[in-house]
Amino acid sequence: PFTTDFKISHDFGFLVLWPDVLLSGTTVTGAIRCLRRAVFGEHFKGGDGGRAMLLGTILHEVFQNAAVRRDFSLISLKQITLEMEKQKPGEKGSLEECNLAVCDITDIEESIWSPRFGLKGKLDVTVKVAVQRCRRGSGLQKNRVATLEAVLPLELKTGRESNSLEHRAQVILYTLLSQERRTEPGLGLLLYLKTGVMHPVPAQRLDLRELIKIRNQIAHHLVNPVEWRPSTAQEVHPSSLPPIILDQGTCQRCSQLRNCALVHSPEETNKDQVVLLEQQIQHLSEAHLTYFAHWYMLCLCSHGDAPMLAITYDLCREIAGRCIRGLKCQGPAKQPSAGGRGFHQRMIRQKPTHMFLISAGDRIVLSQDGDAGSLAVATGTLLAVTDEVVDCLLDSDLARYGPSATFCLDRDDSGNSMNSHLSGLSHLMADTQASCRLRELIVDFSPPRFLERLADVLPPGAKDSVAKILQGLNRPQRQAMKRVLLSQDYTLVVGMPGTGKTTTICSLVRILHACGFSVLLASFTHSAVDNVLLKLARFHVPFLRLGHAEKVHEALRSNTEEGLCHTRSISTLSQLTQLYNEQAVVATTCMGASQHPLFSRRRFDFCVVDEASQIGQLLCLVPLLHSERFVLVGDHLQLPPLVLSTKAKALGMHESLFKRLERHATAVVQLNIQYRMNREIMSLSNELTYQGCLTCGSERVVNSRLCLPHLHDLALDPGSWLKEALDPEKSVVFLDTDQAGCRAADIGVIAPYRQQIQAVSELTTGRDWAQGLEINTVDKYQGRDKPAIIVSFVRSDQGELLKDWRRLNVALTRAKFKLLLLGCTPALRNYEPIARLLDYADTHGLISFVLVLNIKYVMKVHVIDAAL
Ligand SMILES: Nc1ncnc2c1ncn2[C@@H]1O[C@H](COP(=O)(O)OP(=O)(O)OP(=O)(O)O)[C@@H](O)[C@H]1O
């Protein structure tokens, strides 16, 4: 039970600062030698790796598999098996007064999050041991041997047997994590796979205290990444970092050396260190360093504002749609298809609660319901969700908790996307040819170069196939193909709403492929990548889809690495290398491009990035680092990158790379022929955003109307607002609620606020007539469309979201045949973009009547909606 008084003494208790910052054992122990490196390690993740880490991972896995089977002779990788066989745990355990034998394996990769100690981690192996303890005494009690059973964390080490401070410290921290699940073990085990020697590591209070102190220092630096000094010109500055250590040897081998050099200031270094650090950045100009400093600070700002631990036991979470409680496993977990990994678990929902902040594809974390001690028993991905069931891919099997256990599912926000952004920034500053060229284009704004003649790039043999692909395209789309083929550096393709971006990208990839170029296709989300690939697959262009198979569209799984390895029976490293090298088209998310080993050995002729105006500037750099030329497809007049931190946004973090490079008009081609909206709906966006530049692709598009076959059966009163609102000939109707006092919260499909969506969903969830009705924010609708859209503007007072004209533009360009806008015109006139829209609607007779609404009519709206 919580009290307000906590007592910490020499012998009892720890002071844990910022307990919501969960740090891994590796991070804390890494800080023993250099605290600064540990802080950088959390910011610029992914710097370590290489052969040693790969071997380590393989060895861990082989050992863990053998341990689970309790048979160290059966592993298919024979060479390693032989070594493993000699290294069974328990053979050489020794501690002066402890004789210890492993009797059972309780768990493998047990994941534990501990907000109590501010730590998290995965225990390599959790073992049950029998400890024979020799009790010293006198007389008859002399040298009595007691056998105790205990469950202990066992840490595997694959490198040299050092029994080092860091290794022991890691085990000690795992004894703290273990306390979240069972009684304090007071002891952990350290097993060196190379020699087979196992060291028992007692968790002494003094060691624990020192390690918690180090953890607190790292947490302090992570929580306070920037300082606000309002009196200075810049106002916000990076906070001071832990000091640079004075050990040249350690620094020279450090994976964070470049990042350390990029942020160091001369006054914090000694003479020798200055030389070492300056060497790392001597290739950079003042402008490059300024770019680095600016974006580094933006990332820190945004990181400092990000919520820390998503899972606090807050009763409001369920009501706010942030979690699903009361989930029960429906039968045992299945193994995923085609060599996939993890546990495919279907869970039954006890009631269909709303969950607006979690959707398929999200990273999730499962905790045991109502038991703070069993936080994060599994993590994974949400595959699908209905009112009745939830399908997840998990990293551990929930069977061990028994059939009656109930779980709570939360979105896992602990993974920090800032790492990928900073990794992009750090690589941009590297001393390589590719980074140097990108710096010239992006930081120095060197004008992009173009060839004069297509004949210089088009191989004669490809002419016919290229001409055939071009046939299906309209003039601006063909123009875009030509510009890309002539480009030496980059092209920006502006895809206005409904202008066939996917068709254009797909044709572009086909043409580049036909010309013999290799292409890296990237986007922000998995679904956007798959969207293009699904189209591409129809044209039989071979491609490799990187990414976890379970996150990839079912129809594309045979093109994933797992799928291709399976169908081609790839089992050796050289076969895998060949697969990586021979694929002319490779597709990935931007984040995926920062992690996959393929990118350490391969460059592409072109990189095509979809949704580029919505991708953060630094994240967009990640795939570009692996190609000679790039094409960004987007529209900066639609939604910009999402930046949650208001401070970072105010300082310019929402500037996409697409927007930054748009200053070079020669690089820009516009797609302005659209196939989505009829003329009336399109005219709103033309008036508001595109200055009349957007045109309809055909007469059919111009005159298309919503088809309502049952409209006449409804016998609506002549002159009623509903009759007018549903009239297919009136493609745009603005329902003015000013005098009627209608609660706008009662109607709507697109709304700018989550609370509004929640309110409307509560009225419709589970009702037959609302089946398939989609209610969402503008942001979730970007890139999509529907035959009819109802936009509820909601507010009758000032609000930030409505001020964003790009958001308004997206809301107005989702409907194909019918757009109903609902709002209070006098209030909405306070927003400049909407005022312009209202003027336009007014002069074109689109604001047709004042609405008098009561609850009867609300129900009618829904009934009619079902009839659509
Ligand atoms: N050149 C064209 N001629 C005829 N129809 C086209 C052409 N280009 C695209 N379309 C049509 O336009 C519609 C939208 O195209 P597509 O699926 O490529 O766009 P999208 O990427 O979903 O839309 P957006 O441009 O809004 O992102 C499709 O029905 C497609 O067939």
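Residue numbers start at 1 and run along the sequence shown. Since we're looking at a predicted model, the values are computed, not measured.
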Quick one: do Leu625 and Phe599 satisfy side chain to side chain contact (heavy atoms under 4.5 Å, CB included)? Show the steps, please. CA-CA 9 Å; Leu625 285 157; Phe599 298 106; over 6 Å; no

What residues form a side-chain contact (heavy atoms from CB on, under 4.5 Å) with [X], not counting sequence neighbours?
X: Val171; value: Glu155, Leu190, Val201
X: Cys329; value: Gln345, Met347, Leu398, Phe407
X: Ser9; value: Asp11, Phe12
X: Val274; value: Thr269, Glu278

Would a distance-only check, ignoring hydrogens and angles, find a side-chain to backbone donor-acceptor pair under 3.5 Å from [X] to [Y]?
X: Ser114; Y: Lys120; result: no
X: Asp395; Y: Gly380; result: no
X: Thr106; Y: Val151; result: no
X: Asp104; Y: Lys128; result: no
X: Arg205; Y: His10; result: yes
X: Asp247; Y: Gly249; result: yes
X: His264; Y: Ala261; result: yes

Please report the interatomic distance [atom1]([X]) to [atom2]([Y]), rounded to the nearest 0.5 Å.
X: Glu109; Y: Leu123; atom1: CD; atom2: CG; result: 9.0 Å
X: Thr29; Y: Leu211; atom1: OG1; atom2: CG; result: 8.0 Å
X: Ser111; Y: Arg181; atom1: OG; atom2: CZ; result: 6.5 Å

Exercise: do Ser426 and Arg258 side chains pair donor with acceptor under 3.5 Å: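 A donor-acceptor contact under 3.5 Å links the two side chains.
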
For the residue pair Ser24 / Thr27, report whether a side-chain donor-acceptor contact shorter than 3.5 Å exists. yes

Side-chain contact, heavy-atom cut-off 4.5 Å: [X] with [Y]?
X: Pro153; Y: Pro185; answer: yes
X: Val28; Y: Gln170; answer: no
X: Leu573; Y: Thr577; answer: yes
X: Leu191; Y: Lys157; answer: no
X: Arg215; Y: Val16; answer: yes
X: Ile364; Y: Thr379; answer: no
X: Pro242; Y: His221; answer: yes
X: Leu382; Y: Leu409; answer: yes

Here the pair of heavy atoms bringing Asp391 nearest to His344 is CB-NE2, 4.4 Å

For [X], what residues pass the salt bridge (charged side-chain N to carboxylate O under 4.0 Å, His left out) criterion, not counting sequence neighbours?
X: Glu161; value: none
X: Arg36; value: Glu268
X: Arg116; value: Glu180
X: Glu184; value: none

List the residues meeting side chain to side chain donor-acceptor pair (under 3.5 Å) with Glu561, not counting sequence neighbours, and say none if there are none. Tyr580, His596

Excluding sequence neighbours, so at least two apart, what forms side chain to side chain donor-acceptor pair (under 3.5 Å) with Thr572? Ser574, Gln575

Would Thr126 and Arg182 count as a side chain to side chain contact (heavy atoms under 4.5 Å, CB included) here? Give the steps. CA-CA 11 Å; Thr126 311; Arg182 51 194 72 92; 3.7 Å; yes

Hey, is Asp207 close enough to Arg168 for a salt bridge, meaning N to O under 4.0 Å?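 No, no charged N to carboxylate O under 4.0 Å.
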
Go through Tyr296 and Leu425 one step at a time and tell me if the side chain to side chain contact (heavy atoms under 4.5 Å, CB included) criterion holds. CA-CA 8 Å; Tyr296 178 60; Leu425 180 61; 4.1 Å; yes

Could you pull out all residues at least two apart from Phe117 that satisfy ring pair (Phe, Tyr, Trp, His ring centres under 6.0 Å)? none

Pairwise ring pair (Phe, Tyr, Trp, His ring centres under 6.0 Å) hits with a residue in residues 155-191, at least two apart: His167-Tyr192

List the steps, then state whether side chain to side chain contact (heavy atoms under 4.5 Å, CB included) holds for Ile245 with Thr250. CA-CA 9 Å; Ile245 58 164; Thr250 305; 4.0 Å; yes

Answer yes or no: does atom CZ of Arg400 have more than 12 heavy-atom neighbours from other residues, nucleotides or ligands under 6.0 Å?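 Counting neighbours around CZ of Arg400, more than 12 heavy atoms of other residues, nucleotides or ligands fall under 6.0 Å, so yes.
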
Might you work through the side-chain hydrogen bond (donor to acceptor under 3.5 Å, both in side chains) test for Asn224 and Ser239, ending with a clear yes or no? CA-CA 7 Å; Asn224 301 292; Ser239 301; over 6 Å; no

